[in-house]
Amino acid sequence: MGTGASKSTEEGGSQGMGEEEERNQAGGQLYVSLKMENYKRKGDLIPHVYGSVPLVGSWDSSKALSMERESASLWELSFVVPPNHETLDFKFLLKPKYSNVPCIVEEGPNRQLIGGTLQGDARLALFRLNADEVLEYRVLIQADRVSPFDLAASWRAYRENLRPSAVRGIPDVSINSAPEMNAENGSSASLELDLEHYVVPAPTTSATYAANNTETPRSLTLAGVFSNMDGSGNVLHPSKDGSVSADRPATIKEMEVIVPDSSRIYSGSGVVESKSVGTFSPSQKQDGHRGLLVDRGVGSPRLVKSASASTFTVDLRLDTETKNSMPAAAGAVAAAAVADQMLGPKEDRHLAIVLVGLPARGKTFTAAKLTRYLRWLGHDTKHFNVGKYRRLKHGANQSADFFRADNPEGMEARNEVAALAMEDMISWMQEGGQVGIFDATNSSRKRRNMLMKMAEGKCKIIFLESLCNDERIIERNIRLKIQQSPDYAEQPDFEAGLQDFKDRLANYEKVYETVEEGSYIKMIDMASGHGGQIQVNNISGYLPGRIVFFLVNTHLTPRPILLTRHGESKDNVRGRIGGDTALSDAGEIYAKKLSNFIEKRLKSERAASIWTSTLQRTILTASPIVGFPKIQWRALDEINSGVCDGMTYEEIKKNMPEEYEARKKDKLRYRYPRGESYLDVIQRLEPVIIELERQRAPVVVISHQAVLRALYAYFADRPLKEIPHIEMPLHTIIEIQMGVTGVQEKRYKLMD
């Protein structure tokens, strides 16, 4: 502690202070720490200190100050010395904590500390227990010159920590089965019957077709071919003056594309003839445990090393490409990235997730979720949708005949746009991109061989196949496709569009070949979240492992997730960061309003749960809520502000200007001294995200501003750099609706 000079005196030597150092220390107050260490403490004798002003003001041993235990062998006493009493005259003694006898005073002369410097030789503290036994203590005396501001901040933190917590005794998992009998529900905490009365505008209010949010085809745009994406099939051409004009649909001859020969069978050195395939079946929900779900675990796939990989070559030089592909992340993600760069093959630095599956199997939805997850972790990830390329190049109004395997023109056109999308993805990776998600049916072995040939030596391919045998889910997905896909935007007859899509699906089914080559992940009947299987083959490495773990915990079951900050705390009123204070009066009113809101909003969702941090302001906010399980997560605690805990931003700016400016320059990566950065927070929130994805019932998350910014950014797919600046107001509920149509948001403001 302290902003000035510090010196410590230990057994075996002493230190003096020069005149120049003494002048540098002028203006601060002396903060002294006395410590005694002994590994053979006798009985219940506790070290004490007594002496002259300002320690005790009396050499009466009955008034000696007890030292506090820091560990099993170490005791400590610290205090501030007033400027007019900087000469300390003291001794150590041993006595029982609640009694004055026996009292054993250390042998030798009094100890003197003048201006923070110990006079004479440093020595052990010797206590004679009897004629034959002497007890030795190692003594450490440390003196710091600190500013009055530092002293005030430390005292404030000490007093707040000294105040008993209002939530002590509440277990980590609890449930209030019935309302409290004398709970006050005054008019200030009541809500309107219609919750829509509290709805306020949200940044995003509706879900869009997932394929429309994918990467813009630059192979086509750079060549001057644009689409209005309105389903008309017309192509927009830029004119000399920069305007765009609509014209006829583009033809294949407008762009010359070289498609690799897919007849050549791809053979990679890492593919082993005898495959090891692991099949994992998730456990069903246990009977008698309503709302408690069982994790679907994934076993460790067997790692196979090719015959050519008998040795490992380590190149510690980080070239330009390596630096560009490092993720903006902390912790495990950053460590894994460095390991991959140094130890992995060059092509493994870039990962291509190639989707495989029939239409209406949720491929695009899965790709969008995976893209969002990897971006949030800090990996540079892009989603390339071949259907978007097809609509841009050949128009949206293609009938089912276009997708027949015996239609050579249609096959050539579809292979062409697949090659364009793959070329764009590989080019982006060579510029520093890390993970590309290639979204198409890729339903034949011939198409997949073409893609592997294009990727050879440039990126590692993992096939992600989505299989679904549930006719109910397939029918639902087909109907959503007709409603949302630009392919049917201009089809006024829903039934006609439905029949055309089913004909298209039948064309794909005739030639569909399941994945059996290379590295792959198969998702079998995973969409419902009830049962299903994950199969993995030749999967290794940190990032592929994280992808498997994410996929095994994701599903399409619609459910709301409600995010809200705790009610206003006393530190919010004072403008102080961090801390663990209780709620203000306004915060207590919000807690009651939130309880009423949850009761109305989730009255038919009895399997819902309430998640809070371990800090009392969130636990107190959740305390009026009854009838739902409450779970405390350490991962949901506010960002650790380290030595700045309890300070205002103005105090940081005044007393720690360098820290203030560093945080202002890069809030995402800035780490508080002895605290956390936003990237650190994201790392510890990954288990929370996985569990939110796995839950099938509603979840209410009551947490803190920085934490909710990170959680909200995941669902809203906001860039990492925006996270520290996302508005997260008090006394407002953000409802995230998750389901097959994507993520929708609604906001309720219960009070100002």
Side-chain angles (χ1 to χ4, degrees), residues 1 3 146-167 188 563-591 593-594 612-622 636-678 680-681 702-712 722-734 749-752:
M1 169 181 168
T3 57
V146 296
S147 70
F149 167 78
D150 283 341
L151 289 174
S154 298
W155 178 249
R156 180 174 62 251
Y158 171 75
R159 294 301 301 172
E160 290 180 355
N161 291 332
L162 191 65
R163 187 179 299 118
S165 170
V167 299
S188 61
L563 308 177
T564 182
R565 289 176 66 183
H566 54 80
E568 182 188 65
S569 70
K570 293 181 179 178
D571 270 352
N572 288 142
V573 176
R574 303 176 187 130
R576 302 197 177 280
I577 63 175
D580 189 21
T581 56
L583 299 178
S584 67
D585 292 342
E588 291 178 357
I589 293 174
Y590 177 71
K593 283 180 174 286
L594 178 63
T612 72
S613 72
T614 62
L615 300 177
Q616 65 173 333
R617 53 190 182 272
T618 65
I619 299 172
L620 292 173
T621 301
L636 291 175
D637 284 3
E638 178 61 296
I639 187 172
N640 183 352
S641 51
V643 299
C644 299
D645 191 78
M647 299 171 66
T648 67
Y649 289 117
E650 282 301 316
E651 289 171 343
I652 297 174
K653 183 177 182 180
K654 178 181 178 181
N655 295 278
M656 306 172 71
E658 292 182 359
E659 295 297 329
Y660 183 86
E661 290 301 323
R663 177 180 178 273
K664 183 179 178 181
K665 183 180 296 184
D666 188 355
K667 287 183 68 176
L668 177 67
R669 294 170 180 81
Y670 171 78
R671 181 177 288 120
Y672 285 100
R674 301 182 187 177
E676 289 181 304
S677 69
Y678 270 92
D680 295 327
V681 171
I702 304 174
S703 189
H704 309 268
Q705 180 168 250
V707 171
L708 292 178
R709 281 172 169 167
L711 290 178
Y712 175 80
E722 293 183 9
I723 290 179
H725 310 286
I726 293 174
E727 184 181 2
M728 198 58 57
L730 281 169
H731 306 157
T732 301
I733 299 166
I734 301 176
K749 189 169 184 62
L750 302 190
M751 55 186 288
D752 294 326

Which heavy atom of [X] sits nearest to which heavy atom of [Y], and what is that distance?
X: Ala166; Y: Gln616; result: N-OE1, 2.9 Å
X: Leu583; Y: Gly567; result: CD2-O, 3.3 Å
X: Thr614; Y: Ile619; result: O-CD1, 3.8 Å
X: Arg671; Y: Gly675; result: CG-O, 3.4 Å
X: Gly578; Y: Ser641; result: CA-OG, 4.2 Å
X: Asp637; Y: Val707; result: O-CG2, 3.0 Å

Return yes if some donor-acceptor pair links the side-chain N/O of [X] with the main-chain N/O of [Y] below 3.5 Å, else return no.
X: Glu676; Y: Ile639; answer: no
X: Arg709; Y: Met728; answer: no
X: Arg565; Y: Leu708; answer: no
X: Arg576; Y: Asp571; answer: no
X: His731; Y: Glu568; answer: yes

Spatial distance of atom [atom1] ([X]) from atom [atom2] ([Y]) [nearest 0.5 Å]:
X: Arg669; Y: Asp680; atom1: CZ; atom2: CG; answer: 12.0 Å
X: Asn640; Y: Asp645; atom1: CG; atom2: CG; answer: 7.0 Å
X: His704; Y: Leu711; atom1: NE2; atom2: CG; answer: 11.5 Å
X: Lys664; Y: Tyr649; atom1: NZ; atom2: OH; answer: 14.0 Å
X: Tyr672; Y: Ile652; atom1: OH; atom2: CD1; answer: 5.5 Å
X: His566; Y: Leu615; atom1: NE2; atom2: CG; answer: 8.5 Å

- [ ] Starting from the C-alpha separation in whole Å, work towards a yes-or-no answer on side chain to side chain contact (heavy atoms under 4.5 Å, CB included) for Glu638 and Thr618.
- [x] CA-CA 10 Å; Glu638 178 61 296; Thr618 65; over 6 Å; no
Open item on the list: Would you say that Ile702 contacts Leu594 through its side chain, given a criterion of any heavy-atom pair below 4.5 Å between the two side chains?
Closed with: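 The answer is yes; the side chains approach within 4.5 Å.
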TODO: Compare all side-chain heavy atoms of Cys644 with those of Ile577 and state whether any distance is below 4.5 angstrom.
DONE: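 Answer yes - side chains close enough.
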Task: Atom CG of Asp666: over 12 foreign heavy atoms under 6.0 Å - done: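 Counting other residues, nucleotides and ligands, CG of Asp666 exceeds 12 neighbours.
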Open item on the list: For Lys570, I'd like to know if atom NZ has over 12 heavy atoms of other residues, nucleotides or ligands within 6.0 Å.
Closed with: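 Open.
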TODO: Kindly write out the residues that satisfy side chain to side chain contact (heavy atoms under 4.5 Å, CB included) with Lys749, not counting sequence neighbours, or none if the list is empty.
DONE: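 Side chain to side chain contact (heavy atoms under 4.5 Å, CB included) check on Lys749 returns Val200, Thr732, Asp752.
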Task: Steps toward side chain to side chain contact (heavy atoms under 4.5 Å, CB included) verdict (Leu730, Tyr590) - done: CA-CA 9 Å; Leu730 281 169; Tyr590 177 71; over 6 Å; no
Task: Listed partners of Tyr660 passing ring-ring contact (aromatic ring centres under 6.0 Å, His included), at least two apart - done: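 Scan of Tyr660 (ring-ring contact (aromatic ring centres under 6.0 Å, His included), adjacent residues dropped) gives none.
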Task: Any side-chain donor near an acceptor of the partner, Tyr670 and Glu659, under 3.5 Å - done: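 Checked: Tyr670/Glu659 side chains pair up, N/O donor to acceptor below 3.5 Å.
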Open item on the list: The test is side chain to side chain contact (heavy atoms under 4.5 Å, CB included); show your working for Thr612 and Thr621 and say whether it passes.
Closed with: CA-CA 9 Å; Thr612 72; Thr621 301; over 6 Å; no
TODO: Give the intermediate values and the outcome of side chain to side chain contact (heavy atoms under 4.5 Å, CB included) for residues Val643 and Met656.
DONE: CA-CA 11 Å; Val643 299; Met656 306 172 71; 3.9 Å; yes
